[in-house]
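Scroll down for the structure; my scribbles are underneath it.
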Amino acid sequence: MAQGALPGFRDFYPTEFAQRAYIARIWRDVARRYAFVEYDGPPLEPLELYTRKSGDEIVAQLYNFTDKGGREVALRPEMTPTLARMVAARANALRKPVRWFSLPQLFRYERQQKGRLREHFQLNVDIIGESGVTADAELLAVAIDIMREFGLSPDDVRARVSDRRLLRALLERLGVGDEQLPAVFGIIDKIERQPREVSVEKLSALGVSSESADSLFSLMDGLTLDALRARFGDTPAIAERIADLERYYTYLADLGVAEWVQLDLSIVRGLAYYTGIVFELFDARGEFRAICGGGRYDNLLKSLGGVDLPALGFGMGDVVLGELLRARGLSDVPIGEPDFWVAAAEDGDLRDVMLAATQLRRAGASVEYALRPQTLSKQRKAAFSAGATYFITVGADFAERGSVQVDEVQHVEGAGASLVDRLEEMPKTLASIIALVRDV
RNA sequence: GUGACUGUAGCUCAACCGGUUAGAGCACCGGACUGUGGCUCCGGGGGUUGGGGGUUCAAGUCCCCUCAGUCACCCCA
């Protein structure tokens with residue numbers, strides 16, 4: 001077996017590269033539509049940037065090494081620390097709120113499995129400097145609009161939303177103390193993936209009563225804000241969170257994405273830095289991992305960069321998204337087929353072909369031709385195989401009158417108006433084709 | 001890092017109970033069909049059966065190790 005890429009890394013042959021480029025294009029298009037601007041940082045960072053926040057145990061999951069200057073460095077596993085550093089360094093000069101996005105390639109040293117490799121491209125979209133739920137709504141709308149742009153619908157993808165502050169207030173009401181909170185969050189995070197008895201057992205080991213555990217389970221399933229208010233609205237801290245979430249929903253409706261969103265308090269998102277509303281995007285059939293996850297992390301910039309700015313953001317990787325698009329038949333994208341194939345007729349000259357190709361290329365068209373003399377039938381086959389849209393034949397009369405013969409080889413669906421659509425009959429000279437190309 | 005399962009051509013798969021030189025389709029390359037050929041026909045290249053070791057007269061097939069893949073755990077970019 002020929003040597004392939006390293007475990008967890010990918011070769012992008014033209015077909016796969018086209019899919020990757022397609023995903024990146026949609027990401028950029030939608031992010032720009034929401035007036036986010038693109039940035040990037042180094043793929044290699046000081047190891048300390050990641051250990052400072054998460055401790056030494058994270059080193060086990062990093063690609064890290066000592067460089068020739070003796071520096072401890074790591075390939076970036078996430079973008080947020082870089083973003084925090086960059087924003088902190090110019091915090092006073094940046095127009096607020098900061099609306100930035102990036103398409104970094106990220107690395108993690110882990111055993112690969114479905115939807116998780118050692119390398120991936122991840123769209124990061126962040127808003128920094130706005131604490132109101134308007135920003136939370138704006139952020140989620142970007143993620144959902146991207147789904148829509150890929151041709152997915154609310155039947156394919158669901159956005160599940162929770163609020164850590166609400167969850168904390170509810171748990172307090174159920175008698176869960178502050179010191180138990182992180183562990184209980186961890187159990188809730190897994191509540192869907194493990195049998196109920198296991199969760200109950202773990203909760204009771206933490207000292208959570210079985211009545212409280214039952215209440216907890218009742219909160220995880222098909223809950224509405226109205227039902228929450230009816231049960232817990234008399235607690236001010238909870239009522240306040242509910243009111244905030246109601247405004248959030250109103251804004252999501254105004255932004256045209258409400259039908260994708262559902263409340264789901266089992267969404268916790270990792271453990272560390274999220275502080276408010278959090279969300280994940282899942283395929284509706286539950287076949288894949290989360291497509292996207294994010295939320296509010298108001299304290300992170302202070303702890304990382306020393307600048308106290310509220311912040312929120314999400315990450316969306318290309319691996320799970322690509323799997324979903326393939327499974328739904330939405331990932332067939334052209335790899336960059338030529339517009340024209342120029343062929344020499346039996347009495348034609350390869351140099352005339354090159355002259356014609358050059359003129360078409362200068363007009364902006366993508367043009368291929370056989371690099372060695374071939375029969376017309378051979379050239380026609382090659383043109384089809386290459387995916388060319390038009391087949392132009394130049395013969396001996398091309399040199400004198402510039403006349404050519406044009407055939408439509410294949411009509412590309414959704415490619416817009418073809419030359420044929422614009423004409424009663426095929427053009428007869430190269431000049432008339434070029435005029436059309438320039439026009440398009 | 002732990003566990004289970006799986007590795008035959010670029011892809012999808014054959015190969016009897018262990019038995020001759022590991023085959024087919026698709027893809028690729030070449031040729032024919034001498035004129036809109038996305039067809040049809042003919043031919044070709046391509047494999048140390050993931051790698052190594054062992055058992056046997058004989059291993060793609062059985063055993064061990066290793067590498068890789070898939071899935072789950074851990075963890076969650």
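Chain A is the first sequence line, chain B the second, and so forth, proteins listed ahead of strands; every chain is numbered from 1. The basis for the numbers below is simple: all heavy atoms, side chains too, and nothing from hydrogens, waters or symmetry mates.
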If we call it a pair only when both distances are under 3.5 Å in a Watson-Crick or G-U wobble match, what pairs with [N]?
| N | result |
| --- | --- |
| rG7(B) | rC67(B) |
| rG23(B) | rC13(B) |
| rG35(B) | none |
| rG1(B) | rC73(B) |
| rA59(B) | none |
| rG30(B) | rC42(B) |

- Could you say whether T375(A) or G8(A) is positioned toward the 5' end of RNA chain B, judged by the nucleotide with the nearest heavy atom to each?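 Nearest-nucleotide comparison on RNA chain B picks T375(A).
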
- Message: Return whichever of L6(A) or Q122(A) has its heavy-atom-nearest nucleotide of RNA chain B closer to the 5' end.
- Response: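 The residue closer to the strand's 5' end, by nearest nucleotide, is L6(A).
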
- Task: Considering only NZ, NE, NH1 and NH2 on the basic side and carboxylate oxygens on the acidic side, decide whether D155(A) and R328(A) come within less than 4.0 Å.
- Result: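 No.
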
- SB check E323(A) K114(A) (cutoff 4.0 Å):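 No.
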
What is the distance, rounded to the nearest whole Å, between atom [atom1] of [X] and atom [atom2] of [N]?
| X | N | atom1 | atom2 | result |
| --- | --- | --- | --- | --- |
| F288(A) | rA72(B) | CZ | P | 12 Å |
| I187(A) | rC75(B) | CD1 | C1' | 17 Å |
| I267(A) | rC76(B) | CD1 | P | 15 Å |
| K381(A) | rC28(B) | NZ | P | 11 Å |
| D189(A) | rC74(B) | CG | P | 11 Å |
| E16(A) | rC11(B) | CD | P | 12 Å |
| F391(A) | rG38(B) | CZ | P | 10 Å |
| Q113(A) | rG3(B) | CD | P | 16 Å |

- Message: Between F150(A) and Y22(A) (judged by ring centroids, cut-off 6.0 Å), do the two rings come close enough to count as a pair?
- Response: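 Yes: the rings meet the under 6.0 Å criterion.
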
Between [N] and [M], how far apart are the two [atom1] atoms, rounded to whole Å?
| N | M | atom1 | result |
| --- | --- | --- | --- |
| rU34(B) | rU40(B) | C1' | 15 Å |
| rA72(B) | rC16(B) | C1' | 36 Å |
| rC28(B) | rG46(B) | C1' | 9 Å |
| rC75(B) | rA58(B) | C1' | 49 Å |

Would [X] and [Y] count as having a side-chain donor-acceptor pair, cut-off 3.5 Å?
| X | Y | answer |
| --- | --- | --- |
| R160(A) | Q262(A) | no |
| Q19(A) | R326(A) | yes |
| T82(A) | E45(A) | yes |

If you only use heavy atoms from C-beta on, which nucleotide in [options] is closest to the side chain of [X]?
| X | options | value |
| --- | --- | --- |
| K378(A) | rA72(B), rG31(B), rU36(B) | rG31(B) |
| R116(A) | rA72(B), rC76(B), rU36(B) | rC76(B) |
| E346(A) | rC71(B), rG35(B), rC74(B) | rG35(B) |
| R269(A) | rG37(B), rG69(B), rA77(B) | rA77(B) |
| Q112(A) | rC33(B), rU70(B), rC74(B) | rU70(B) |
| R108(A) | rA68(B), rG38(B), rA77(B) | rA77(B) |
| F384(A) | rG38(B), rA77(B), rU36(B) | rG38(B) |

- Is the side chain of D283(A) donor-acceptor paired with the backbone N or O of V157(A) at a distance under 3.5 Å, no angle test?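 Checking the backbone N and O of V157(A) against the side chain of D283(A), no donor-acceptor pair under 3.5 Å is found.
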
[X] near the nucleic acid: base, sugar-phosphate alone, or nothing, with a heavy-atom cut-off under 4.0 Å?
| X | answer |
| --- | --- |
| Q405(A) | base |
| G115(A) | base |
| L75(A) | nothing |

- Message: Quick check on rC76(B): is either OP1 or OP2 less than 4.0 Å from any side-chain nitrogen or oxygen of K190(A)?
- Response: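 Looking at the OP1 and OP2 atoms of rC76(B), neither is under 4.0 Å from any side-chain N or O of K190(A).
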
- Query: Does any N or O donor sit under 3.5 Å from an N or O acceptor when you compare the side chain of R111(A) with the base of rC74(B)?
  - Reply: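 For R111(A), whose side chain was compared with the base of rC74(B), there is no donor-acceptor pair (under 3.5 Å).
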
